[in-house]
Student: 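This structure is in structure tokens; I'll ask about it shortly.
Just so you know, these numbers come straight off a predicted model, no measurement behind them. Values reported hereafter were calculated over all heavy atoms of this structure, with side chains retained and with hydrogens, waters and symmetry mates removed. Below, chains carry the letters A, B, ... as their sequence lines are ordered, and counting in each starts from 1.
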Amino acid sequence: MTKVRIISLLAWIALFSCLAQAKQLAIVADKENSTGNVKTADLANILSGKTKSWADGKPVKVILRDPSSRDMEMVFRRVLNMTPEQVHALIQAHPGLIVIADTDDAVLRFVSATRGAIGIVDLYSLTKDVNVVKIDGKLPFDVGYLLKGN
Amino acid sequence: MITKTSSVKTAVGSTLIALGLLTSTLAAAPATKTAAFPLTTKSPEARRLLDEALVQYIDHVAQPEAIASLRKAIAADPHFAMAHELLAQISLDSAEQVAEQKKAFATRHYASPVERTAIQWYQDAAEHKMIPAITSMNDVVSRYPHDKLIVWMASWWLMTQTQYERALAVYEQSGITDSPGLINNMAYNYADLRQYDKAIAFMAKYAASLPGDPNPEDSYAEILRLAGRFDESIQHYRAALAIDPKFYSSQFGIADTYSLMGKQVQARKDYKTGFKKFPLEEMQQVMWQTREATTYVREGDVKGADHAFQALAETAHSRHISQVEAAIHYSLAERRDIDVEYRVVQPDGTMRWMNGRGHTFYNVAGEPVRMVGLMLDITDRKQTEAALRDLNATLERRVAERTTALQREVAERLRHRCRVLEQRQRLARLPRHPQVLASLGGQQRRAARVTELPRRSLGLAQRLVAAFQLRHRIPGRVKRQPDVHGLLECSPRLREAPERDQCLLEARGRLPVRRALRRSRARLGQINHRVVPELAVPAMRGQRCVVPLQVACVDRFHRRRDHPGRGGAEPLQRSRQQQCLERWRRDREHAGDAIHGHAAEQDRAAAEAVGQWSHHELADAKTDQERRQDHLRPVGDNDAE
């Protein structure tokens, strides 16, 4: 009977998985970055290269996963209202603007080791080595968070 | 136009290379990566029992045995924090889960720092502090990525959070390949990600690792069915049933599979076999009955579906299952804890009341992912409540009956009072012709015949009369209209007398009326005969009596004159009487009337003037009262009128 219960629980998980394949993303910054909150417009300026330094004068360095991935497509669509092709064009036009990493761990290590760095990672990859930056005053678990997956 | 993939690789290729060099230098492997997760306890026996529990649960998927071993380990070392934490995670009792989580948090100071981090992870998750929980989890996983316990803890927790990719990443990073429990979990993870080939491969490995166990075959069949390989699925379901004929989920799995294959008749046949063969809990019964009813929908038999769902609804409603379902949906919608009471039918046919309490956990996206709950048998409490309700209903019924009786009694009294008032109004409407007015005295005397009143009633009546209070109101033109408007009241003490009953006692101021009439004829020629005091008061059972009442008239000379039944009958003080007489004479002289010299007439006139009886009238009244006491009798309304 216990095994049946386990099966039932797994079935529940399977059921909910059909309902929600959500993936939450988090904006992370290095521990010394005092910026705890950014507005959507500020984030758009950072990702598009218009904002090149923080308030304390440190240069902004952006590190992301593969821009063609589903998660990054969502980020650019919601923040910059750009299609993947436009994102590729932006990256090609501004070489060195965005650093691409192959894993979330790599993003986290880069951000934690680089002052002024900002990255976007899967929420469940968060470590204590980075700070989570709010977007419009909202953390990933808040209602209306911008980078909530679907 | 540059293709998407090539453009990205071209644009960022050099950057990736640079980053790879960077990360390779940054990612120095921690020294503890190959070490085992510490399990701190002072008791070697507790440690042995915990290791045994981990093998039972992770490798053999034997949850009850693992729980028992953990409980023994905790008994051997109550300060074994990780044993508390593991029992909190795998216990089947939600109350125990909560209690053990609290104990783990309380005893964390006996554990190592990394154990504390693990305990803090679960504690934060329980308190919905998800970001600290995630960072704690990743901290522990990064330190011990190859430890079977940590991999199981992290992957299972991530599964409950629907983070399948992350769970798979933790598992794949661990390199563990020989744990049936982890393999089973990962197979479902792949299935959830629609990667059925990998899921089937993992499940085949799982089934091979535990031969003779029906659960792997059943899980294998479920994954095959999800992948659309129905025939193979049915084979594995049958294999599970061959291993354990009581493994009822496989029986209904067969039926579900036939239904998905479009073989609805066969599916219904297998459902009915399952219902007949296995005693099921009500919720499971309803769940599979719902699927059975769905077979009619799939084959387009609307009538059959309607019949099946109607029967299902009736069954569910009769057992309050719908209430449970509604409560669960309500709690999910409102994000509140579940608290519902419902009935269950035991295998022996007896009905028990249950109280279900549960809590739902939500993932970061806000979707419900897990429920923990507790069932309480509240039959005794329900029986007590029912008995209390019956008692209250009985009391309410008795109160209502008594209230109705009282209302009836009050209504009866009011009817009697109304009749009395009607009599008074009739008297008031009589023409004020002197002859008619003169005849009123005789009518009232006839009405005042009261005979055959028992001795006790007579005593009561006398006491009532003695308690009457007469309030006077003297009109403004006293000389012209020395009438007395009287209002009789019964004292509250006598109203509450024990002899009070449904009978009426009428008191009529016969003598004062007669006197007033005489005076009125003599002086003013009219009288306001509303002075006739008349009151219905409680008397003896079943009798309505008329008793004489002595009401003193008050004129302009003396306002205080009335002590009904007693004061009015006392002889007047001589000096006072003389004084009144002189005044009366002056009035008469002023009016031009002659004054007769007869002493008795003078005395009567003086007494009338002051509203009291003269000596002669007092004697007459005593004689009359004694005569009436001999003839007291009950009278009806008509007689009184």
Student: Against chain A, label B:S250 side chain, backbone, both or neither, depending on which of its atoms sit under 4.5 Å from a heavy atom there.
Tutor: neither
Student: Pick one of side chain, backbone, both or neither for A:S125, based on which atoms fall under 4.5 Å of a heavy atom in chain B.
Tutor: both
Student: Does the gap between the ring centers of B:Y190 and B:F202 come in under 6.0 Å?
Tutor: yes
Student: I need the minimum non-hydrogen distance between A:L147 and A:M74, along with the two atoms involved.
Tutor: O-CE, 3.6 Å
Student: Is A:D56 salt-bridged to A:K58, going by a charged N under 4.0 Å from an acidic O?
Tutor: yes
Student: Taking the basic N atoms (NZ, or NE/NH1/NH2) and the acidic carboxylate oxygens, is any pair closer than 4.0 Å for A:D104 and A:R65?
Tutor: yes
Student: If I measure from the heavy atoms of chain A, does B:I131 come under 4.5 Å with its side chain, its backbone, both, or neither?
Tutor: both
